[in-house]
Amino acid sequence: MPRTAAGVDVEDLLVRVKNGADAELAEVAREVAALAEQGRLGEDDDEDGVLVPALLARLAAAGGAEARVRVMAALRRLARCVGCESKERLASIEALSSIVRSLSRDVDETREAIALLLDLSDIPQIRQRIGRIKGSIVMLVTLRNAHEPGTHDDAEKLLHMLSSNPQNVLLMAEAGYFRPLIHYLKEGSDMNKILMATAISKMFLSEPMKSSLGEDGAVEPLVEMFKSGNLEAKHSALGALLNLSSSLQNAEILINSGITGPLLQLLFSVTSVLMTLREPASAILAAIAQSERILLHKDVAPQMLSLLNLSSPVIQLHLLRALNSISGHTNAKRARAKIRQNGGVQLLLPFLTEKNIDIKIAALNFISNLSKDASQELAEQIRDTHLNIFVKIISSPTSGNEKAAAIGILSNLPVTDKKITELLTEANLLPLLISLLETNITAPLTPLRTSLLEGIAGVLIRFTVPWDKKLQSLAVGHGVVPCLVKLLSEGSIKAKSKAATSLAQLSQNSLALRKTKLPRWLCVAPSAETYCLVHNSQCTVKSTFCLVKAGAVSPLIQILEDDNREADGAVLEALATLMQDEIWENGSKVIEKTSGVHALLRIAEAGNSTSQEKAIWILERIFRLEAHRERYGEIAQALLIDLAQKGDPILKPMIGKILAHLELLQTQSSYF
């Protein structure tokens, strides 16, 4: 039975704890805490150990936050007064569960709950119990990450204490707190290192989680495990690194750690026990190849190339994806050249008939990348059979990725190769492309759709070359012009540029194709619908490939008004076809009417040197007309004078002509 000690009536306290309402419970708990703090209520005073269970029972059932806070404060003071055995009784699973539930409540209650758990956690058995309570680790990690004063530090201390148990460390990692796991990777036993690496390999990690692990130092010890560990350590390390390597940041860390050499060495190995490691090794190479830093390792691509025909399909696919990434980097021109020198294209062509569709697509993409800056070299190695394969891919109900890759290769072949053009025309590629273009031009924007449209726009340049009017007529007859005009508004900047090039090529022949002006004595007036002001004749898209009748002028001007400057050159070439010697006056009026003067002045100011030169050439012709000088002269003169003084010297003669039109310069000036 509880007794009275040192003037403390334990039985009275017990009755009040058990029976009091929340307000009374809070008051008696405050008294218990004060007595324990004063040393007047300890293990000897409550020799039957009934006060602590009573407080714990009320903690679980109390409805008010104030009462729970007071009870936990009392329990914390009592815990400091008792020995290990009594602490263990105090910290049963049920009791700890009640305390853990308070971690998710208001700030004062949370603060008191963490403090109580921290006081109890100096005993290993209690630490194990806390870790086994569902949600305890997650809540502690959440509190640590919240950085709230009064809870962050205690939560971190408690997590540190709980991290003595590897299972708790795994739970922390799953909740997104990786520091203890990384500590084990660096300084744990070999078995614990393998345990942590295996956990990382199986864990679902968001991109921020992967980056966090890399930043906090998880990659380097895993690389060391792979390099120097036993077979089990190598396997677990590779699994973990594979999971982390999809992060571009981690890919750079991996490359800097020197892992590429050992990975390739493993792929060349014929040791049977290491064979199971080759697939994850090749997958890691495919992942880290997405970082441009891979280009610093100049021998990596040739070595991968030599492994292609010696590997299983799974490894082949990873190697092809790695090589495709390497060859696709912005600064990979030398890498592509080296791959071609090592027979890369010839090695890849047999993959065009590969039954494994993923391998086939990867090979197609790789060939497409290799052909970016070596179109003539590619044309010399491509045979009629290969061209027929590409057309068959485009015409078959294959995947969009496969079509995009085949079209990409065709778009890189030289447009001057008449034999290729003839074969593709005979294979009816043109209507296939236009049908694909019509299907995809208004579809939702995706990377695949972008790739398809850019590739198709590139191939159409071949069918609109200005030296073959018959081929141009064939393309126009199949409906290429409306599609090209639509691309000016709907496509990526690359697709817009290529579409503008095709329209420029068509428009170059409009003047030669225009019909003779109707005789004055003809009684029937010319059709207003077909009469073209610029070409001063009856024009239609099909008969003269007219930009004006195609409705292309406005979207061309709009591209110049946008912020991206990549398509400027192609757009200006198209507009320049309206400014030829015989038609410049009417061409000027059409461009001016479409708000083109402001757009051209913008390019004159902000474009590259080639675009500036072309824009100023067009502006010089526009400013020959008095109406345009009156309307835009004042706006243009400051910009033109500044360009003449500070711009490329090659622009000065043409700017001088414009300034002379504006009567700001004598015709005989040295500007000419």
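Bear in mind the structure is a predicted one, so any value in this text is a computation, not a measurement.
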(request) Answer yes or no: does atom CD of Gln265 have more than 12 heavy-atom neighbours from other residues, nucleotides or ligands under 6.0 Å? (result) no
(request) Apply the test side chain to side chain contact (heavy atoms under 4.5 Å, CB included) to residues Ile407 and Leu436: give CA-CA distance (whole Å), side-chain angles for both, the deciding distance (0.1 Å), then the verdict. (result) CA-CA 11 Å; Ile407 292 168; Leu436 258 180; 3.7 Å; yes
(message) Any donor-acceptor pair under 3.5 Å linking the side-chain atoms of Gln472 with those of Gln505?
(response) no
(request) Could you point out which residue of Asp562, Val571, Leu484, Asn564 forms a side-chain contact (heavy atoms from CB on, under 4.5 Å) with Lys496? (result) Asp562
(message) Run the side chain to side chain donor-acceptor pair (under 3.5 Å) test on Glu490 and Thr442 for me, step by step, so that the C-alpha distance in whole Å, both residues' side-chain angles and the decisive distance to 0.1 Å come before the verdict.
(response) CA-CA 7 Å; Glu490 300 290 338; Thr442 54; over 6 Å; no
(request) Compare every heavy atom of Ile559 with every heavy atom of Arg565, then report the nearest pair and how far apart it is. (result) NH2-O, 3.9 Å
(message) Please report the interatomic distance OG(Ser411) to NZ(Lys494), rounded to the nearest 0.5 Å.
(response) 11.5 Å
(message) Would you compute the distance between atom OG of Ser269 and atom CG of Leu264 and round it to the nearest 0.5 angstrom?
(response) 12.5 Å
(request) Kindly say whether Ala286 contributes a backbone atom to a donor-acceptor pair with the side chain of Arg321 at under 3.5 angstrom? (result) no
(request) Any pair with a residue in residues 394-409 that passes salt bridge (Lys or Arg N to Asp or Glu O under 4.0 Å), sequence neighbours left out, goes on the list, sorted by first then second residue, please. (result) Lys360-Glu402
(message) Any side-chain to backbone donor/acceptor pair from Ser492 onto Ala495? Under 3.5 Å, distance only.
(response) yes
(message) The criterion is salt bridge (Lys or Arg N to Asp or Glu O under 4.0 Å); which residues satisfy it with Glu207, sequence neighbours excluded?
(response) Lys210
(request) Quick one: list whatever passes salt bridge (Lys or Arg N to Asp or Glu O under 4.0 Å) with Glu174, sequence neighbours left out. (result) none
(message) With a 3.5 Å distance limit and no angle check, can you tell me whether Gln508 reaches the backbone of Pro466 through a side-chain donor-acceptor pair?
(response) no
(request) Answer yes or no: are there more than 12 heavy-atom neighbours, outside Glu561 itself, under 6.0 Å from its atom CD? (result) yes
(request) Report yes if the side chains of Leu560 and Leu600 come closer than 4.5 Å at any heavy-atom pair, otherwise no. (result) yes
(message) Under a 3.5 Å cutoff, is there a donor and acceptor pairing between the side chains of Gln612 and Asp648?
(response) no
(request) Could you grab the distance from atom CD1 of Ile253 to atom OG of Ser291, nearest 0.5 Å is fine? (result) 10.5 Å
(message) Under a 3.5 Å distance rule, please check whether Ser497 uses its side chain to pair with a backbone N or O of Ile493 as donor and acceptor.
(response) no
(message) Quick one, Leu572 and Thr610 - any side-chain contact, counting heavy atoms below 4.5 Å?
(response) no
(message) Whether the Ser371 and Asn412 side chains hold a donor-acceptor pair (N or O, under 3.5 Å, no angle test) is what I'd like checked.
(response) yes
(message) I'd like to know if the side chain of Gln316 pairs up with that of Ser312 as donor and acceptor (distance under 3.5 Å, no hydrogens or angles considered).
(response) no
(request) For the residue pair Asn324 and Asn369, confirm or rule out a side-chain donor-acceptor distance under 3.5 Å. (result) yes
(message) Would you say that Ile420 contacts Arg462 through its side chain, given a criterion of any heavy-atom pair below 4.5 Å between the two side chains?
(response) yes
(message) Nearest 0.5 angstrom please: Leu305 CG to Lys338 NZ, how far?
(response) 11.5 Å
(request) Examine distances only and state if a side-chain atom of Asn256 and a backbone atom of Glu252 form a donor-acceptor pair shorter than 3.5 Å. (result) yes
(request) Identify which one of Leu424, Leu460, Thr425 satisfies the side-chain contact (heavy atoms from CB on, under 4.5 Å) criterion when paired with Leu430. (result) Leu460
(message) Regarding Thr385 and Asn388, do their side chains bring together a donor and an acceptor under 3.5 Å, going by distance alone?
(response) no
(message) What I'd like to find out is whether the side chain of Glu605 reaches to under 4.5 Å of the side chain of Asp642, using heavy atoms alone.
(response) no
(message) Once rounded to the nearest 0.5 Å, what's the spacing between atom NE2 of His318 and atom CG of Asp358?
(response) 10.5 Å
(message) Donor-acceptor check, side chain of Arg383 to backbone of Glu380, threshold 3.5 angstrom: yes or no?
(response) yes
(message) A side-chain contact here means heavy atoms from C-beta on lying under 4.5 Å apart; do Ile294 and His329 qualify?
(response) yes
(request) Using atom types as modelled and distance alone, determine if a side-chain donor or acceptor of Ser245 lies under 3.5 Å from a backbone N or O of Leu242. (result) yes
(request) Kindly give the heavy-atom pair with the smallest separation between Leu285 and Leu267, and that separation in Å. (result) CD1-CD1, 3.5 Å
(message) Within the structure provided, determine whether Thr577 and Leu503 are in side-chain contact (heavy-atom separation under 4.5 Å).
(response) no
(message) Counting only heavy atoms not in Arg602 (residues, nucleotides, ligands), do more than 12 fall under 6.0 Å from its CZ?
(response) yes
(message) Testing the basics here: between Ala550 and Val481, what is the closest heavy-atom pair and its distance to 0.1 Å?
(response) CB-CG1, 3.6 Å
(request) Locate the shortest heavy-atom distance separating Ser201 from Asn243; write the atom from each residue and the value. (result) O-ND2, 3.8 Å
(request) For Arg336 and Ser327, indicate whether the former's side chain and the latter's backbone hold a donor-acceptor pair under 3.5 Å. (result) yes
(message) Which heavy atom of Ala197 sits nearest to which heavy atom of Ala237, and what is that distance?
(response) CB-N, 4.2 Å
(message) For Lys486, is the NZ atom crowded, meaning more than 12 foreign heavy atoms sit under 6.0 Å from it?
(response) no
(message) Counting only heavy atoms from other residues, nucleotides and ligands, does the tally under 6.0 Å from CD1 of Ile357 exceed 12?
(response) yes
(message) I need the Thr198 OG1 to Met196 CE distance, nearest 0.5 Å.
(response) 10.0 Å
(request) Please report the shortest heavy-atom distance between Ala604 and Ala615, naming the atom on each side. (result) N-CB, 4.2 Å
(message) Closer than 3.5 angstrom, by distance alone: can the side chain of His478 be matched with the main-chain N or O of Ser435 as a donor-acceptor pair?
(response) no
(request) Determine, step by step, whether Asn608 and Ser611 satisfy the side chain to side chain donor-acceptor pair (under 3.5 Å) criterion, reporting the C-alpha distance in whole Å, the side-chain angles of both residues, the deciding distance to 0.1 Å, and the verdict. (result) CA-CA 5 Å; Asn608 62 34; Ser611 297; 3.1 Å; yes
(request) Would you check if Leu437 and Asn440 make a side-chain contact, meaning some heavy-atom pair closer than 4.5 Å? (result) no
(request) Determine whether Thr450 and Leu445 make a side-chain contact, defined as any pair of heavy atoms from C-beta on separated by less than 4.5 Å. (result) yes
(request) Say whether, by atom type as modelled, one donor and one acceptor occur between the side chain of Arg449 and the main chain of Ile441 under 3.5 angstrom. (result) yes
